[in-house]
Structures are given as structure tokens and as C-alpha cells.
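Note: hydrogens, waters and symmetry copies are ignored here, and every other heavy atom, side chains too, is used. What you see is a predicted model, and the numbers here were worked out from it, not measured in a lab.
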Amino acid sequence: LRHFRLGAVLMHIPDGFLAPQIYLPAYAVAAGAWAWAARGLRERLDETTVPRLAMLTALAYGLGLVMVPVPGGTSGHMLGVALLALIFGVRLAFLAYSLVLLLQALLFGAGGVTTLPINALAMGLIGATAAVATKSLLARFNETAAVAIAAWLSVVLSAIVVALVLGSQPLIAHQPDGTPLFFPFGIEITLPAVLLPHLVIGIGEAALTVPIWRYARSRKWCS
């Protein structure tokens with residue numbers, strides 16, 4: 001239970017939990033992804049898009065700070081990245097959510113600066129890409145259901161990536177006797193600890209995303 005409590009609050013990986021062998025290359029990958037996402041940014045941001053993006057980015061920021069209690073004394077949170085991606089596209093969603101993560105880390109200690117690239121890639125890029133790809137794949141069957149599944153999957157895939165990164169730390173950085181130097185728990189603990197609560201939280205993410213997306217679509221906000 002102690003292991004489960006520790007892992008289930010780690011959708012935002014804090015500083016000190018990742019080895020430099022992970023977060024330094026991750027910064028290089030994230031820098032390339034941020035450069036790709038920012039390409040042509042000025043042309044995509046007009047006087048109507050900016051206030052809408054700011055409003056929904058603020059919503060995602062707030063969602064990431066509201067911890068949802070789940071059984072076992074643990075907590076997790078919704079993301080809001082699927083909503084950003086389905087309305088504004090993957091690139092703007094990734095940039096906006098990276099800003100959300102940076103502000104949460106600097107102002108509230110949710111996440112960290114060294115872990116920012118992993119958090120941004122897991123939640124911002126993978127979450128957004130999963131949402132858009134799922135909706136595109138399933139929309140021909142039922143668009144509303146496709147949006148709901150896309151939102152749920154964005155949370156679940158992000159949680160899986162976070163769990164795998166955390167669980168790999170004992171293998172990557174340890175003392176000669178095998179004692180972990182950073183995060184101490186392996187994938188057999190982190191995967192269920194992080195994933196299981198977010199299977200449920202993803203349902204809440206879907207329930208929130210669908211009505212807001214439908215309103216945005218009715219107002220022709222979607223890209």
C-alpha cells in the first residue's frame with residue numbers, strides 16, 4: 001500500500017526522481033519537439049484563437065492542480081490536454097500544455113524543472129497525439145464516442161509512459177550493490193500504481209471533454 005500511495009500521485013514526476021541519463025537526453029528530444037510545434041506559430045495564432053487557447057489552457061492548468069481522491073488513500077488528476085488537442089491541434093496543445101507544466105512546477109512544485117521534458121512529452125505530446133489520432137480513427141463510427149475514448153486514452157497512455165519511465169530508474173542508475181540512486185521502485189510497482197487510478201480518472205476526463213468539445217465545435221472553434 002505504501003508503494004501504491006507513492007506511485008499514484010506521480011503523474012507529474014517531481015525533481016530528484018529521474019537520473020541525468022534520462023532527463024538530459026529528454027531535454028534534447030523535447031527541444032526538438034518544441035521547435036517543431038512552434039514552427040509557423042505566428043500564422044496560427046490570430047485574434048480569435050489566442051483568447052480561446054488562453055481560456056482552455058487555464059482550464060488545463062487548474063485541472064492539473066486538483067487532486068482527485070481514489071481508493072487506497074491515493075490521488076491523481078485530469079489533464080485537459082485532449083481538449084486542447086481536439087480543438088487546436090497537436091502542436092498548439094503540446095506547447096500550451098508544456099507551459100502549463102512549467103508554471104505548475106515553478107509556482108506550486110507540481111512536477112519539476114529537470115523532469116519537465118519527460119512530463120511534457122508524456123502528457124503534452126503523447127497525450128495530444130493519442131487524442132487526435134483516436135478521434136480521427138473512430139469518428140466515422142460515432143463522433144461523440146470517439147471524443148470520449150480519445151480523452152480517456154490520452155490520460156491512460158500518458159500514465160503508462162510516466163510509469164515506465166519511473167519504473168526504469170532502478171535499472172538505469174544504481175550503486176554497485178544495486179541500491180537505486182534515484183526513484184527506488186521498479187515497473188512491477190509503478191505500472192499498477194500510476195495506471196490503475198488513471199483508468200478511472202480518464203472517465204472523468206472524457207465526461208469533461210465531450211461537452212466542452214461539442215460547444216467548441218458548435219462555435220466553429222475546432223481546427
Does Leu86 belong to the same Ile/Leu/Val/Met/Phe/Trp/Tyr cluster as Phe141, with side-chain heavy atoms less than 4.5 Å apart forming each link?
no
Name each donor-acceptor pair under 3.5 Å that joins a side chain in residues 18-35 to protein atoms two or more places apart or in another chain, with its distance.
residue	atom	partner	partner atom	Å
Tyr27	OH	Val113	O	2.5
Trp34	NE1	Ser98	OG	2.8

With clusters built from Ile, Leu, Val, Met, Phe, Trp and Tyr whose side-chain heavy atoms come within less than 4.5 Å, directly or transitively, what are the remaining members of the cluster of Leu181, listed by chain and number?
Phe182
Which residues satisfy the side chain to side chain contact (heavy atoms under 4.5 Å, CB included) test with Ile187, sequence neighbours excluded?
Leu164, Thr190, Leu191
Here the pair of heavy atoms bringing Leu103 nearest to Tyr61 is CB-CE1, 3.7 Å
Compile the donor-acceptor pairs under 3.5 Å between side chains in residues 126-135 and protein atoms, sequence neighbours left out, one pair per line.
residue	atom	partner	partner atom	Å
Thr129	OG1	Leu125	O	2.8
Thr134	OG1	Ala130	O	2.7
Lys135	NZ	Glu143	OE2	3.2

How long is the gap from CG on Leu101 to CG on Leu106, to the nearest 0.5 Å?
11.0 Å
Which atom of Val161 lies closest to which atom of Ala122, heavy atoms considered:
CG1-CB, 3.7 Å
Using side chain to side chain contact (heavy atoms under 4.5 Å, CB included), reason through Ile212 and Leu59 one step at a time and then give a plain yes or no.
CA-CA 11 Å; Ile212 299 177; Leu59 174 61; 3.8 Å; yes
In terms of hydrophobic clusters joined by side-chain contacts under 4.5 Å, are Val147 and Leu137 together?
no
Can you tell me if Glu205 uses its side chain to pair, donor with acceptor, with the backbone of Ile201 under 3.5 Å?
no
Once side chain to side chain contact (heavy atoms under 4.5 Å, CB included) is applied, do any residues pair with Arg39, and if so which ones, sequence neighbours excluded?
Trp36, Arg91
Return the set of residues passing side-chain hydrogen bond (donor to acceptor under 3.5 Å, both in side chains) with Asp15 (not counting sequence neighbours), or none when no residue passes.
Thr114
Testing the basics here: between Ala82 and Ala150, what is the closest heavy-atom pair and its distance to 0.1 Å?
CB-O, 4.4 Å
With a 6.0 Å cut-off (strictly less than), is the heavy-atom count around CZ of Arg214, excluding the residue itself, greater than 12?
no
Kindly work out whether a path of hydrophobic side-chain contacts (I/L/V/M/F/W/Y, heavy atoms less than 4.5 Å apart) joins Trp213 to Leu138.
no
Under the side-chain hydrogen bond (donor to acceptor under 3.5 Å, both in side chains) test, residues paired with Thr49 that sit two or more places apart
Asp46
Please list all pairs meeting salt bridge (Lys or Arg N to Asp or Glu O under 4.0 Å) that have one or both residues in residues 147-169, counting only residues at least two apart or in different chains.
none
How long is the gap from CZ on Arg219 to CD1 on Ile87, to the nearest 0.5 Å?
13.0 Å
Criterion side chain to side chain contact (heavy atoms under 4.5 Å, CB included) on Phe94 and Val81, from CA distance to verdict:
CA-CA 8 Å; Phe94 174 47; Val81 71; over 6 Å; no
Which atom names give the shortest non-hydrogen contact between Leu166 and Pro170, and what distance separates them?
O-CD, 3.9 Å
List in chain and number order the residues that pass side-chain hydrogen bond (donor to acceptor under 3.5 Å, both in side chains) with Thr57, two or more places apart in sequence or in another chain; answer none if no residue qualifies.
none
Identify whether Leu157 and Leu199 are in the same connected component of the hydrophobic contact network (ILVMFWY, side-chain heavy atoms under 4.5 Å).
yes
Within this structure, what is the OG1-CZ distance for the pair Thr144 and Arg217, rounded to the nearest 0.5 Å?
6.0 Å
For the residue pair Ser136 and Arg140, what are the closest heavy atoms and their distance?
O-NH1, 4.5 Å
Please tell me whether Ile149 and Met123 are part of a single hydrophobic cluster in this structure, the criterion being side-chain heavy atoms less than 4.5 Å apart.
no
Mind listing the closest non-hydrogen atom pair of Ala163 and Val194 along with its distance?
CB-CB, 3.9 Å
For Leu84 and Leu92, run side chain to side chain contact (heavy atoms under 4.5 Å, CB included): C-alpha distance rounded to whole Å, both residues' side-chain angles, the deciding distance at 0.1 Å, then the answer.
CA-CA 8 Å; Leu84 290 168; Leu92 280 182; over 6 Å; no
Sorted by first residue and then second, give each side-chain hydrogen bond (donor to acceptor under 3.5 Å, both in side chains) pair with at least one member in residues 149-159; sequence neighbours left out.
none
Quick one: ring-ring contact (aromatic ring centres under 6.0 Å, His included) partners of Tyr215, sequence neighbours excluded?
Trp221
I need the Phe88 CZ to Leu95 CG distance, nearest 0.5 Å.
12.5 Å
Non-neighbouring partners of Ser218 that pass side-chain hydrogen bond (donor to acceptor under 3.5 Å, both in side chains), sequence neighbours left out
none
